Student: 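Structure incoming, see below.
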Amino acid sequence: MVDDSYNPHEIEPRWQALWADERAFSVPNPSPGEPEWDERSTYVLEMLPYPSGELHMGHVKNYTLGDVVAHFRRRNGWRVLRPMGYDAFGLPAENAAIKEGGQPREITERNIARIREQMQRMGWAIDWDREISTHTPEYYRWTQLLFLKLLECGLAYRKESLQNWCPNDQTVLANEQVVDGCCERCGAEVEKRSLEQWFFRITDYAEALLDEMELLEHWPERVLTMQRNWIGRSEGAELVFRVEGTEIDLPVFTTRPDTLFGATFFVLAPEHPLVTELVAGRPEEEAVRAYVKQAQTRSTIEREEKAKEGVFTGRNVINPVNGKRIQIWVADYVLMEYGTGAIMAVPAHDERDHAFALSHGLPIVQVIAPQQGEVDVQSEAYVSSSIDDVLINSSEFSRLPSPEGKRSIINWLSAVGLGEKKVSYRLRDWLISRQRYWGCPIPVVYCEHCGVVPVPEEELPVLLPEVSDFLPKGRSPLATAEGWLQAKCPSCGGEARRETDTLDTFVDSSWYFIRYCDPQNTAEPWNREIVDHWMPVDQYIGGIEHAILHLMYARFFTKALNDLGMVGFREPFARLFTQGMIHHLGAKMSKSKGNVVMPNPYVERYGADAVRLNILFMGPADQDAEWQDNGIEGTSRFLGRLWRTVLDAAEKPARKPKAPTSLIRKAHQTIAKVTDDIDRRFAFNTPIAAVMELVNEINRGPDDPGVRFAAETAVSLIQPYAPHIAEELWQRLGHERLWCEPWPAYDESLLEQETFELVVQVNGKVRDRLLASAEASKEELVELARSSPRVIALLEGRELRKTIVVPRKLVNLVV
RNA sequence: GCCGAAGUGGCGGAAUUGGUAGACGCGCUGGACUCAAAAUCCAGUGGCCUUCGGGUCGUGUGGGUUCGAUUCCCACCUUCGGCACCA
């Protein structure tokens, strides 16, 4: 007898080869005007991987989720765009080149080849004809072009400012890449350095990034909340304080203009440009300079941990509302990056100002009082801004409720030209320069005569030259590429130097989803008609760790491109699903902890279908989950059971019984459950359980005439999860090509069994369970319940007060 | 400190609209098959009590609403995530 047991190692490569041969999942773009444009089409996308060379379980979860959605939609009659590519620039390859030698490009391309092979071994239904990689000149040529477009409209600019510097990676970092004062990538404590760098003016889009969240109906609320927090919009006012005895005006931002009468001192950030001028030639000059110098050497973490320090400048400002003079201090609890780098300090109503006032003996004046009760602002700041609070000690504004006080004071100040309403954001412009090699060259040159000159579009791409030394030295390794460095100024033809910094890799991934729509276009980054057809992405799937960084940058890019007329939509991702992370040994998987789980050994042992099934069976996909080795034993065992059950059923006659059997009803219920879970609920673990139940049911009643239909249903429903075994079994059931087969439909009338277990409660407690007909009327159910001997015993001698009947479920008798 | 999510058997989890708590899977126990093992199949599996009929407790804790609460309301505890010297 031939061994016909389930052997994934035989069937999986066979089907994968067939899919590749037939380009089963390729979806070409129709030519404009073709009728196919009218067909239902959808774009399912997962975040593209960084090609580290080895697929890990996080990727498996991500792409299997996308696979289930894509298969499901295709079988429901949609043309599904489902591409794949590589976010191939970035530090790991460069660091590997430093450590082990070789070129980052070679290392990256070797890794891409490996990860591609592993992805294909997982059997994901991807349109491989659209594959892209961000490190290729064919791609980054257009990244450069987009940079030039943003430069042209003023959204890209250079400025000198205080920046986050990672001493380990020897490069600047965007604000978003600093976590708890440390480098998000390597964990080194971030320093502040003043440097001239390239930025994208994302702050211009702060309002749009908030307002247009309306277009993101299907985004998880927590992602939106994180982005809202990050953007940090606050409403308030900008007020102007005049430095006493000068013409110098110092604006401040405050969210509490109603506390203006309580401003008892004034504070400048150490980096504030006017500090030097204010103290020049004064007795305090030396002390202030010393303090500023000391503050600069402190890391963000140190600044936050220590007690509030500062120095008096010897200068005063005039409070615009009452003409009072108050002292100007310099203290590093005021940040240059936020607001105007200067504050009016109201110690009675701000904790930080309060702490500072206490340690430096500055006055504390209460100007806000709760409607009821007393507060002692000398011992503790009263920071509440309840709408019931009223202003006190505020001249003609006293007694006004707080919100009205805010309005009145702003109105008064704007009437005299000393203040106005203002909205401030926590969001900073996106720092995009990196002093590293393995990234997209920034296409500008520096000319002695003409300054910063963009490289003309027709000269793109500015190719990344090969260099031999990648060791970070605080400037880009590109500065050592002598021949490459020199260029002609496109404007005057004179000597020019190329920009040696490269772009943050988040720039590369801020538009890749558009390029997928038209990946081979060599004339332009994309054809707008094609892009507008596919975009926005209907379902985007990726890790929650990108809630702010990638997702906000991509949103910004899309809005900017829309304003430039290059795309016809405002948001890139209509729906977003964020998967939870896979943990192992109680912690996030990470190389440094050595707890990264790779799918490969499991694929070799159990096959890709078992791995795919297991990763989604572990629990709700949006939650974190712990990888456990014995789980896959279970799913693999299930596939073996499915295999035997279906092969047995394949022996049974193919004709369908006339009357619906219990197994046929069960099959219809399972179709309804799986369809609803995938489509509406976005639940991916419970459909697997439902199919398992169906298979168990088949094994319990192998003589039911509906067995073959039930088996076919099980195979068809499990196909998005385990496509190889499903194809194989489908074929053995006498069909072909399940992946093109329509998704099974269910018959509404078969969703209920003919009989059900009636739960009989007395006073809300379950006392009996009886078999009842699904058609029984309420009265019949009550009668049935009351006929139960156990119920009769309980009701004896008691008065029935109330009867509750839930059709097809229960009867509750209240006595 | 502020905002958000979550707490259910030995474990991962299910219960979708307030209606049988623990589906499905793992693990464990017993049995079948086998010379034996693996694989597979069958049965059992929340705690306590039990005269083996059943009783009783049970979804983080304490209250409340309801005939009935894992589900709704209030307070609290714990864990995780985000933000945090942002004026």
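Treat the numbers as computed from the prediction; the structure is a model and nothing was measured. A, B, ... follow the sequence lines: proteins, then strands. Residue 1 opens every chain.
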Student: Kindly give the atom pairs (protein nitrogen or oxygen, nucleotide nitrogen or oxygen) under 3.5 Å for nucleotides 24-26 of chain B.
Tutor:
from	atom 1	to	atom 2	distance (Å)
B:G25	OP1	A:Arg641	NH2	3.1
B:G25	OP1	A:Asn696	ND2	3.2
B:C26	OP1	A:Arg637	NH1	2.9
B:C26	O2'	A:Asn630	ND2	3.1

Student: Using whole Å, what does the distance between atom P of nucleotide B:A39 and atom OH of A:Tyr6 come to?
Tutor: 17 Å
Student: Do A:Phe261 and A:Ile409 pass the side chain to side chain contact (heavy atoms under 4.5 Å, CB included) test, and can you show the C-alpha distance, the side-chain angles, and the key distance before you say yes or no?
Tutor: CA-CA 10 Å; A:Phe261 284 84; A:Ile409 290 181; 4.3 Å; yes
Student: Just how far, in rounded Å, is P of B:U17 from CZ of A:Arg808?
Tutor: 19 Å
Student: How should the glycosidic conformation of B:G30 be described, syn or anti, under the criterion that syn lies within 90° of 0?
Tutor: anti
Student: Taking the side chain as C-beta and beyond, is there a heavy-atom pair between A:Arg555 and A:Met213 under 4.5 Å?
Tutor: yes
Student: Are A:Leu209 and A:Met552 side-chain neighbours, meaning at least one heavy-atom pair lies under 4.5 Å?
Tutor: yes
Student: Less than 4.5 Å apart, any side-chain heavy atom of A:Val68 and any of A:Ile678?
Tutor: yes
Student: Is it true that a side-chain atom of A:Glu780 and a backbone atom of A:Ser777 form a donor plus acceptor pair closer than 3.5 Å?
Tutor: yes
Student: If you compare every side-chain N and O of A:Lys809 against the phosphate oxygens of B:U17 (OP1, OP2), does one of them come in below 4.0 Å?
Tutor: no
Student: Between B:A6 and B:U70, how far apart are the two C1' atoms, rounded to whole Å?
Tutor: 13 Å
Student: For RNA chain B, what residues of residues 218-227 of chain A have any heavy atom nearer than 4.0 Å?
Tutor: A:Thr225, A:Met226
Student: Do A:Leu431 and A:Gln163 touch side chain to side chain, with heavy atoms closer than 4.5 Å?
Tutor: yes
Student: Can you check side-chain hydrogen bond (donor to acceptor under 3.5 Å, both in side chains) on A:Tyr553 and A:Glu176, steps first, answer last?
Tutor: CA-CA 10 Å; A:Tyr553 293 149; A:Glu176 288 79 3; 2.9 Å; yes
Student: Hey, are the side chains of A:Leu391 and A:Val367 touching, using non-hydrogen atoms and a 4.5 Å cut-off?
Tutor: no
Student: To the nearest Å, give me how far apart CZ (A:Arg644) and C1' (B:C41) are.
Tutor: 9 Å
Student: Write down the atom of A:His584, the atom of A:Asn595, and the distance for their closest heavy-atom approach.
Tutor: O-ND2, 2.8 Å
Student: Verify the ring-centre separation between A:Tyr721 and A:Phe684: is it less than 6.0 angstrom?
Tutor: no
Student: Over how many whole Å does the gap from A:Asp629 atom CG to B:C11 atom C1' extend?
Tutor: 14 Å
Student: Both A:Gly232 and A:Arg681 contact RNA chain B. Which one's nearest nucleotide lies toward the 5' end?
Tutor: A:Arg681
Student: Mind checking whether A:Trp329 and A:His360 have ring centres under 6.0 Å apart?
Tutor: yes
Student: Taking side-chain hydrogen bond (donor to acceptor under 3.5 Å, both in side chains) as the criterion, tell me which of A:Thr675, A:Asp676, A:Asp677 meets it with A:Lys673.
Tutor: A:Asp677
Student: On a heavy-atom basis, which atom in A:Ile202 and which in A:Leu427 lie closest, and how many Å separate them?
Tutor: O-CD2, 4.0 Å
Student: Counting any heavy atom closer than 4.0 Å, what does A:Lys673 reach on the DNA or RNA strands: base, sugar-phosphate only, or nothing?
Tutor: base
Student: Under 4.0 angstrom, heavy atoms only, what part of the nucleic acid is A:Asn699 near: base, sugar-phosphate, or nothing?
Tutor: nothing
Student: Rounded to whole Å, how long is the line connecting atom CZ of A:Phe756 with atom C1' of B:U20?
Tutor: 12 Å
Student: I want to check one thing: is the phosphate of B:G13, taken as OP1 and OP2, less than 4.0 Å away from some side-chain N or O of A:Thr686?
Tutor: no
Student: Take atom C1' in B:C77 and the same atom in B:C24, then report the distance between them in whole Å.
Tutor: 32 Å
Student: In terms of the nearest nucleotide of RNA chain B, which residue is placed more toward the 5' end: A:Ala342 or A:Glu757?
Tutor: A:Glu757
Student: Enumerate all atom pairs, one protein N or O and one N or O from nucleotides 50-55 of chain B, separated by less than 3.5 Å.
Tutor:
from	atom 1	to	atom 2	distance (Å)
B:G54	O3'	A:Arg790	NH2	3.4
B:G55	OP1	A:Arg767	NH1	3.3
B:G55	OP1	A:Arg790	NH2	2.8

Student: So which atom in A:Ser662 and which in A:Asp704 form the shortest heavy-atom distance, rounded to 0.1 Å?
Tutor: N-OD2, 3.9 Å
Student: What stems, by residue range, does RNA chain B take part in, given at least 3 consecutive Watson-Crick or G-U pairs under 3.5 Å?
Tutor: B:1-7 with B:77-83, B:10-12 with B:24-26, B:27-32 with B:40-45, B:46-49 with B:54-57, B:60-64 with B:72-76
Student: Could you tell me how far apart A:Leu616 (CG) and B:G12 (P) are, to the nearest whole angstrom?
Tutor: 19 Å
Student: Quick one: closest heavy-atom pair of A:Val815 and A:Asn763, and the distance?
Tutor: N-OD1, 2.9 Å
Student: What's the base orientation of B:G62: syn (chi within 90° of 0) or anti?
Tutor: anti
Student: Starting at atom CG of A:Leu639, determine the distance to atom P of B:U40, rounded to an integer number of angstrom.
Tutor: 12 Å
Student: Looking at A:Lys765 and B:U56, is any side-chain donor or acceptor paired with a base atom of the opposite kind under 3.5 Å?
Tutor: no
Student: What residue among A:Thr340, A:Val252, A:Val423 forms side chain to side chain contact (heavy atoms under 4.5 Å, CB included) with A:Glu238?
Tutor: A:Thr340
Student: Measure NE2/A:His583 against P/B:G12 and give the value in whole Å, please.
Tutor: 14 Å
Student: Could you list the protein-to-nucleotides 29-34 of chain B atom pairs, N/O on both sides, closer than 3.5 Å?
Tutor:
none

Student: List the steps and the verdict of side chain to side chain contact (heavy atoms under 4.5 Å, CB included) for A:Ser636 and A:Tyr602.
Tutor: CA-CA 10 Å; A:Ser636 167; A:Tyr602 297 93; over 6 Å; no
Student: Are the side chain of A:Asp389 and the backbone N or O of A:Ile368 linked by a donor-acceptor pair below 3.5 Å?
Tutor: no
Student: Determine whether A:Val346 and A:Thr264 make a side-chain contact, defined as any pair of heavy atoms from C-beta on separated by less than 4.5 Å.
Tutor: no
Student: Using a cut-off of under 3.5 Å, enumerate the N/O to N/O pairs linking the protein to nucleotides 62-67 of chain B.
Tutor:
from	atom 1	to	atom 2	distance (Å)
B:C67	OP1	A:Lys802	NZ	3.4
B:C67	O2	A:Asn812	ND2	2.3

